[in-house]
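Quick note: numbers below take in every heavy atom, side chains included, and nothing from hydrogens, waters or symmetry partners. Every number for a ligand or one of its atoms is a count from 1 in the order of the listing.
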Amino acid sequence: MKIIIFIAVLILPIDTIIGQEVPQIDFKGLQESKPWAATEKWEPVPSKVTPGVYAAPPSDAIILFDGSDLSQWRKPRYDYGARMDQVEAIIKLKSKDLVNDQRTDPKWIVKDGAMVVNPGSGAIETKLPFGDAQIHLEFLCPFDPGKKDQAYSNSGVFLMGLYEIQILNSYENDTYSNGQAGSLYKQHIPLVNASRPPGEWQSYDIIFNAPRFANGKVLKPATVTVIHNGVLIQNNVILEGPCIFIEKSYYVEHPDKMPLLLQDHGDKVRFRNIWIREI
Ligand code: MG
């Protein structure tokens, strides 16, 4: 019986075996009507961008730090919040005077083409505010075998001054997973640990979509993608609100654009080659 069925299968045409016929397209006969043109989109034409060499900035990037000075940065009057009551107050204060808030010059140090956190001097933030953006930055966690856990080369990239991508030496340095390098602090653990050893330069490439609000309500939460040293570690994750240290986060309506902030967590973390493309 099995042999008979096998022979029958061999004789039947393929489209009968799979139970359907595949229609054929007469491309030659359609040359006049060109039905494929109906689904072609010619506008808008993406503008031409000359890519940089390796991580060098592309032609349409805003250069935030090229190794020479801190002219794109300032010391914010209000730092970042560790708890939601602080965050709420900071958002309220910052919302009033974003662009014209010419605060004091940052006290971080520029040395050997890098800017270095000056411990105790506070965070620095961009003079320009940003919303949706692609961001590239390079950082170095200094080698310091006496340190461990969250105290080993901690800093952070605070998108809009609110949403932190953790910077930490996470090369053979245990800490809580949602606080290690590349975490969306206390919210999203990185997919893998792509950290290089302390003392080596590393990179973050970040794609950030800012949250959208209307009348105090969240229309769309913030999403973040992070590539660490060329490795995808955060894949379009959704944030539940600002990244805070204590208690649970939630959204607070804020302006469409706010400054990018880099954290002073008491460690001499270095930065170089920082650029941003608004999207
Ligand atoms: Mg940090």
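Classification of R272 and D112 as a salt-bridged pair fails, no side-chain N sitting under 4.0 Å from a carboxylate O. Taking the charged nitrogens against the carboxylate oxygens, K147 and D267 do have a contact shorter than 4.0 Å, which makes a salt bridge.
Look at Q150 and the Mg ion (ligand 1): no N/O/S atom of the residue is under 2.8 Å from the metal. Not a single N, O or S atom of Y185, from either the backbone or the side chain, sits less than 2.8 Å from the Mg ion (ligand 1).
In this structure, OE2 of E164 and O of S155 enclose an angle of 90° at the Mg ion (ligand 1), rounded to 10°.
A donor-acceptor contact closer than 3.5 angstrom is absent between the side chains of E125 and Y78. For T175 and Q150, the side-chain atoms include at least one donor-acceptor pair closer than 3.5 Å.
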